[in-house]
Amino acid sequence: MGETIKARLLDARELERALRRMAQEIIEPVREPEALALIGLQRRGVFLARRLADWIAKDEGLAIPVGALDATLYRDDLRLRPSSPIRPTELPFSVEGRSVVLVDDVLYTGRTARAAMDALLDYGRPAQIRLAVLIDRGGRELPICPDYVGRQVPTTARERVRVALQEIDAEDAVYLLEIAT
Amino acid sequence: MPTQRTVLTHLHHRHLLGLEEYSAAEIELILDTARHFRQVLERPVKKVPALRDRTIVNLFFEPSTRTRISFELAERRLSADVVSFQAAGSSLSKGETLRDTARNLEAMKIDMVVIRHSASGAPHQLARWTAAQIINAGDGAHEHPTQALLDMYTLRERFGRIQGLRVAIVGDIAHSRVARSNIHGLRKLGASVIVCGPATLLPAGIETLGVEVTTRLEEALEGAQAVIALRLQLERQQAGLLPSLREYHFTYGIRPEHLERYPDLVILHPGPINRGVELADEVADSPQSVILDQVTNGVAVRMAVLYLLAGMPRPEGETGPAQ
């Protein structure tokens, strides 16, 4: 199944700008920044969470802890496709009573976000969970709504959004792909 | 022996019947996945919902406590529905029993079966007769793959690698499915293996599996980083294969003097231990022994096996339990 690039949704500068704005939106209304934590979803969400924390540190001088969460074991599609590789969950803080922002690259059906919330709740009872995504591509199958969005892009089921990040993909960019059938 | 390593994201088998047919990459995938389950077992909530839509039957035709409990715990930690059935050796013809069992499993829409049987090949038969996925928990003197996987996990945890290790397996090699599975697995991952035991308990032709063979314990331990001491089935002595248990202990038992001579030697045992036979008390309880780590790791390794197998699609055209 081939994929062709249809459009570049964000270039490196636009991606950074979107993250910086999201970082401001996340931190601005917060009264107790010491209760805040950013938790990235494996795999690209983890790098995005770190970058959001870097912007908050740079712009506000606040050190917000960052964690990584893998929700593979909480997915509901094990019957539909082979098990995906499990990646580490690293939460170097207690989530109990925390105000947690889950960070992911792309929000689509909402099933990953659902799995992530279930996974997180097995580590404790956060005071609040919010959701930050770089790209919201629509197409929700569950009643899940993001709190912070980098860019909203309406897509069809035959399209795919690919987020490339310097940390693992050697460039910063977001592409809209067309799946060839 | 092992050449280029490929990293897999899923297995190439629907069943786990033995390590003989598994590739090095598949074994590595199981061990890597087990590391994450080990982490899950350290959490306050030690359970994940991954297998909540699966029903697993544990079918133990041979008595077993620890393997059965370890599997049950692994299954429950993955949120599967679990039924366990333990039958002592039945007087019925084994083939008939197994065929009927298979029919019943089919009718009950079971997803996975963990089976222990005194007959080598029983899990393979069951795999042919039912659409359920089969996991071999020990069949005759053939294989006990999850035991070898947890041994390898424990070795890797201790040494950071399997490649290049030298592992001695000591005891009743001829009747040991643990030895056979470990030989296959360790060789595939690049360890060298030396097997050791009294000549009456060394099977002819074992060296064709790529292992060295000796009847002298010192030769086996010299240069080895780890030793797997096998449980001696006490009926072997009654069968005339051993003069006495005491003599066995002083010829093939791991004793305090060995700990002194080889202070870095790591001791493994599949349990339950015959203290004073294959292991002296001081050896079983020494800091060089990783026997209790093996037990903890066993649950994580079995979770990894169940999880990875559960993600394997059904072969084309086969029907089975509804989604």
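Letters A, B, ... mirror the listed sequences (proteins, then strands); counts begin at 1. All values below were derived from every heavy atom in this structure, side-chain atoms included, with hydrogens, water molecules and symmetry-related copies excluded. Everything numeric here is computed off the predicted structure, so don't read it as measured data.
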Proximal component of [X], with respect to chain A [non-hydrogen, under 4.5 Å]:
X: B/Lys47; value: backbone
X: B/Arg52; value: side chain
X: B/Tyr307; value: both

Under 4.5 Å, heavy atom to heavy atom, which residues of residues 137-167 of chain A contact chain B?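 Against chain B, none of the residues of residues 137-167 of chain A fall inside the cut-off of heavy atoms under 4.5 Å.
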
Is it the case that over 12 heavy atoms from other parts of the model lie below 6.0 angstrom from the NZ atom of A/Lys58?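 Result for NZ/A/Lys58: open.
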
Could you state the interatomic distance from NE2 (B/His36) to CG (A/Leu73), rounded to the nearest 0.5 Å? 9.0 Å

Nearest 0.5 Å please: distance from the CG atom of B/Asp32 over to the CZ atom of A/Arg87. 11.5 Å

Taking the side chain as every heavy atom from C-beta outward, state whether A/Tyr123 and B/Val45 have any atom pair closer than 4.5 Å. no

Check whether any side-chain heavy atom of A/Leu78 lies under 4.5 Å from a side-chain heavy atom of B/Leu51, and answer yes or no. yes

Looking at B/Met312, B/Arg54, B/Gln39, which makes the most heavy-atom pairs under 4.5 Å with chain A?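 It is B/Arg54.
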
Most heavy-atom pairs under 4.5 angstrom with chain A, which of B/Pro44, B/Ser79, B/Ala310, B/Pro49?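 When all of B/Pro44, B/Ser79, B/Ala310, B/Pro49 are compared, B/Pro49 has the most.
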
Which atoms of A/Asp118 approach chain B - backbone, side chain, both or neither, heavy atom under 4.5 Å: neither

